Asker: 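This is the structure, below, for whatever I ask next.
Quick caveat: nothing in here was measured; it's all calculated off a predicted structure. What's counted below: heavy atoms across the whole structure, side chains too, no hydrogens, waters or symmetry copies. In the text below, chain A, chain B and the rest are named by the order of the sequence lines, each starting its count at 1.
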Amino acid sequence: MKLEALIIAGVQEAMRNLYGQELGLESIALNETKKEFVGDITVVVFPLTKFSRLGPEQTAEAIGTYLVKSIEYISAFNVVKGFLNLQIANSYWLSFFKAEHNNLEFGKGEKKRKVVLEYCGPNTNKPLHLGHIRNMLLGYSTANLLSFAGNDVHKVNIYNDRGIAICKSMLAWKLFGAGATPESSGLKGDHFVGKFYVEFDKHYKAEVQALVEQGLSKEVAEKQAPLIVKAQEMLVQWEQGDKEVLALWNKMNSWCYEGFEETFKALGVDFEKHYKESDFYLQGKSLVDEGLKKNFFYKKEDGSVWVDLEDKGLDHKLLLRGDGTSVYITQDMGVAEARYQDYQFDESIYVVASEQDYHFKVLQLVLEKLEKPYAEGIYHLSYGLVNLPNGRMKSREGTVVDADDLIAEMIATAEKHTKELGKIDDFTPEEAQALYKTLAMGALKYFMLKVSPKRSMIFNPEESIEFQGDTGPFIQFNYVRIQSLLRKQTLAQLQLDGIEINEDEKDLIKDLYKFPALIQGAAANYDISELVSYCYSLAKNYSKFYANNAILVDTTEDLKNFRLLLSRWVAEVLKSSFGILGIEMPNRM
RNA sequence: GGUCCGCUAGCUCAGCUGGAUAGAGCAACUGCCUUCUAAGCAGUAGGUCUUAGGUUCGAAUCCUAAGCGGAUCACCA
């Protein structure tokens with residue numbers, strides 16, 4: 001039985017035998033004992049006093065005495081105010097160490113649910129930016145976390161590959177592109193397409209400006225500018241299946257996909273399947289028809305279709321335009337349906353920014369109205385926006401932090417730091433380059449993932465991402481030191497007789513002990529940042545241990561071997577945790 | 001205006017379903033490389049946890065208001 005469960009049962013038993021009281025689990029609170037007190041686990045006695053009808057100290061004394069007698073692994077206790085601090089015998093930690101230190105599956109959970117996790121969701125009209133980076137890192141790592149915790153996870157992407165925005169890029173290319181291609185211009189595909197999106201905006205603004213000068217109101221001008229009218233015509237042609245438009249659309253989208261693939265590769269994220277909205281908006285429409293037939297939805301005189309969500313505290317929501325064309329949510333309904341047909345999932349997770357909280361609430365409620373069995377399993381993993389120090393990234397003001405640029409900058413910074421330290425002079429250029437990338441991505445990913453997903457975060461492009469302190473490279477550094485130790489010494493069979501563990505060693509074993517529960521907790525909360533914090537705490541404790549304790553020299557063979565095995569286990573847990581985060585470990589740095 | 005989210009050290013963030021004297025990193029200042037990688041270790045300084053009430057043995061944490069900031073409420077996606 002787990003330590004915590006053992007103690008709770010022990011306290012229940014104590015309360016029964018000492019005071020004749022039957023306590024539920026909820027009235028027994030356990031905490032980790034704070035550093036400044038002696039002990040490992042603390043029972044908070046205050047809630048128990050009303051059952052014991054004695055003061056907190058007296059109650060704590062009595063329970064402590066009882067537990068030391070009844071539970072083998074509790075070696076001693078002390079009472080501070082209403083806190084009963086229990087000391088766990090070293091033999092407990094050592095037997096745990098012995099049992100698990102060679103377990104390659106340590107921390108992995110039992111098989112549970114089938115989960116589909118959607119992330120990324122780019123528009124195919126411009127390159128990926130910092131917001132997408134947060135999305136991709138969260139999506140990829142959360143999928144790994146859920147998988148490690150025991151779920152059968154399938155990662156999918158959704159391409160928002162249709163709509164007016166794409167038409168803008170297409171139109172601009174047609175008008176101003178002069179037949180250029182990514183190859184001919186030497187640009188990455190998505191950047192090439194994005195260039196025309198910007199180009200459109202530039203010419204469109206000029207047109208609007210000209211119309212305003214002719215005396216039109218800004219509002220009217222924005223609707224009547226020839227470019228926007230043409231773009232809208234193009235959208236209609238697209239829906240009608242115009243061959244020429246479709247050909248152009250396919251060509252430009254494929255340029256985007258090529259560009260995206262490169263970025264996915266650089267970031268180390270992948271997908272089992274890419275859904276395209278263009279493939280499913282019709283299916284969404286048929287779902288709307290289905291809802292109409294069953295009277296879950298209603299049609300207005302102009303032909304638009306709505307759903308009444310007032311009973312759920314929301315308002316009426318449009319599902320289909322008066323002209324019969326689909327809106328954003330129509331497509332999402334179609335994709336949701338298709339995804340269930342594809343996977344029969346227990347849970348479908350959408351990693352999408354918090355600005356779409358309302359949208360996903362509506363989506364889920366609409367699917368519930370339709371009595372879809374999978375509606376209940378939908379979970380919106382909402383994350384906060386990435387802001388700049390002076391607010392939101394704005395493409396108009398050119399403050400968007402481009403994903404590819406940022407990755408390149410990080411690699412350059414990693415190279416600079418590494419060269420300053422001069423520890424890898426014997427590396428080949430290829431090895432060095434690989435290391436820069438590993439460290440750069442370690443720093444970037446750790447930086448993005450250590451913030452709780454829900455929270456919006458601030459990114460300051462003026463300050464480069466740290467490589468010291470609470471960072472990815474710090475964890476990698478500790479891993480590398482352990483690898484260096486292991487290269488110098490071969491391991492022998494564990495021999496624990498006569499090993500007296502000290503505080504530093506015990507802290508590490510306790511950290512390792514927490515790992516499986518940490519994984520389950522983080523997975524239950526969909527919170528990858530909990531794993532990041534755990535890694536930092538483990539690595540920090542290791543760093544302290546490393547500084548205070550000789551491992552290879554001045555030790556007996558058994559002690560050396562124990563410390564090496566302990567180090568190796570720490571390294572393994574760090575490595576598998578970083579694997580979940582999507583960060584590689586170098587062997588030297 | 002309705003709804004939702006946030007506010008913790010100069011900056012960036014932890015602080016799990018209430019528990020002991022609120023923690024890290026960066027920045028500042030002090031020590032420590034002839035021990036296994038100093039991208040490190042040890043230490044100093046830095047806080048009215050936005051404010052006001054409430055709940056209770058106990059509140060950064062829960063409740064109610066207020067302030068400030070953000071998001072959202074489109075026949076945009």
Asker: Does G58(B) have F46(A) stacked on its base, where the ring centres are within less than 5.5 Å and the planes differ by under 30°?
Answerer: no
Asker: Not counting sequence neighbours, which residues clear ring pair (Phe, Tyr, Trp, His ring centres under 6.0 Å) with F46(A)? List them please.
Answerer: F83(A)
Asker: Mind listing the N/O atom pairs, protein and nucleotides 2-11 of chain B, below 3.5 Å?
Answerer:
unit_1	atom_1	unit_2	atom_2	d
C7(B)	OP1	R455(A)	NH1	3.4

Asker: Let me know the distance between CG of N123(A) and P of C76(B), rounded to the nearest Å.
Answerer: 16 Å
Asker: For a quick check, tell me whether the side chain of N478(A) and the base of A39(B) share a donor-acceptor pair closer than 3.5 Å.
Answerer: no
Asker: Work out how far the C1' atom of G58(B) is from that of C36(B), and round it to whole angstrom.
Answerer: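 These two C1' atoms come out 48 Å apart once rounded.
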Asker: Taking atom P in both C4(B) and C62(B), what distance in whole Å separates the two?
Answerer: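 One P to the other, the span is 15 Å.
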Asker: Dot-bracket for RNA chain B, 5' to 3', counting Watson-Crick or G-U wobble pairs under 3.5 Å, with [ ] for crossing pairs and | for inter-strand pairs?
Answerer: (((((((..((((.....[...)))).(((((.......))))).....(((((..]....))))))))))))....
Asker: Are any of K81(A)'s side-chain N or O atoms less than 4.0 Å away from OP1 or OP2 of U21(B)?
Answerer: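 Yes, because at least one side-chain N or O of K81(A) sits under 4.0 Å from OP1 or OP2 of U21(B).
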Asker: Hey, is F37(A) stacking on A20(B)? Ring centres under 5.5 Å, planes under 30°.
Answerer: yes
Asker: Write down the distance separating the C1' atoms in U55(B) and A65(B), rounded off to the nearest Å.
Answerer: 15 Å
Asker: Protein-nucleotides 26-33 of chain B N/O pairs closer than 3.5 Å?
Answerer:
unit_1	atom_1	unit_2	atom_2	d
C26(B)	O2'	E466(A)	OE2	3.4

Asker: With hydrogens left out and only the distance checked, is there a donor-acceptor pair under 3.5 Å joining T42(A)'s side chain and the base of A20(B)?
Answerer: yes
Asker: Which residues pass the side chain to side chain contact (heavy atoms under 4.5 Å, CB included) test with N561(A), sequence neighbours left out?
Answerer: L491(A), A492(A), L565(A)
Asker: Scan residues 483-490 of chain A against RNA chain B and write down, sorted by residue number, each residue with any heavy atom closer than 4.0 Å; if none is found, say none.
Answerer: S484(A), L485(A), K488(A)
Asker: Sequence neighbours left out, what pairs pass ring pair (Phe, Tyr, Trp, His ring centres under 6.0 Å) with at least one residue falling in residues 519-538 of chain A?
Answerer: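 Matches after skipping sequence neighbours: Y379(A)-Y526(A), F474(A)-Y536(A), F515(A)-Y534(A).
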Asker: If the condition is side chain to side chain contact (heavy atoms under 4.5 Å, CB included), which residues does Q58(A) pass it with, not counting sequence neighbours?
Answerer: L54(A)
Asker: For nucleotides 16-18 of chain B, list the nitrogen or oxygen atoms of the protein found under 3.5 Å from its nitrogen or oxygen atoms, one pair per line.
Answerer:
none

Asker: Please identify each residue that fulfils side chain to side chain contact (heavy atoms under 4.5 Å, CB included) with V80(A), with sequence neighbours left out.
Answerer: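 Here the qualifying residues are F37(A), N78(A), N85(A).
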Asker: Rounding to an integer number of angstrom, what distance separates U51(B) and C7(B) when you compare their C1' atoms?
Answerer: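 One C1' to the other, the span is 11 Å.
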Asker: Quick check on G23(B): is either OP1 or OP2 less than 4.0 Å from any side-chain nitrogen or oxygen of K35(A)?
Answerer: no
Asker: Sticking with atom P, work out how far G70(B) lies from A59(B), rounded to a whole angstrom.
Answerer: 33 Å
Asker: Can you sort out the partners of K230(A) under side chain to side chain contact (heavy atoms under 4.5 Å, CB included), two or more places apart, ordered by chain and number?
Answerer: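 Side chain to side chain contact (heavy atoms under 4.5 Å, CB included) check on K230(A) returns L171(A), E233(A).
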Asker: Where along residues 436-452 of chain A does a heavy atom fall under 4.0 Å from RNA chain B?
Answerer: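 Under 4.0 Å from RNA chain B: L439(A), V451(A), S452(A).
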Asker: Run through Q433(A), Q476(A), M585(A), M589(A) and flag the one making a side-chain contact (heavy atoms from CB on, under 4.5 Å) with T438(A).
Answerer: Q476(A)
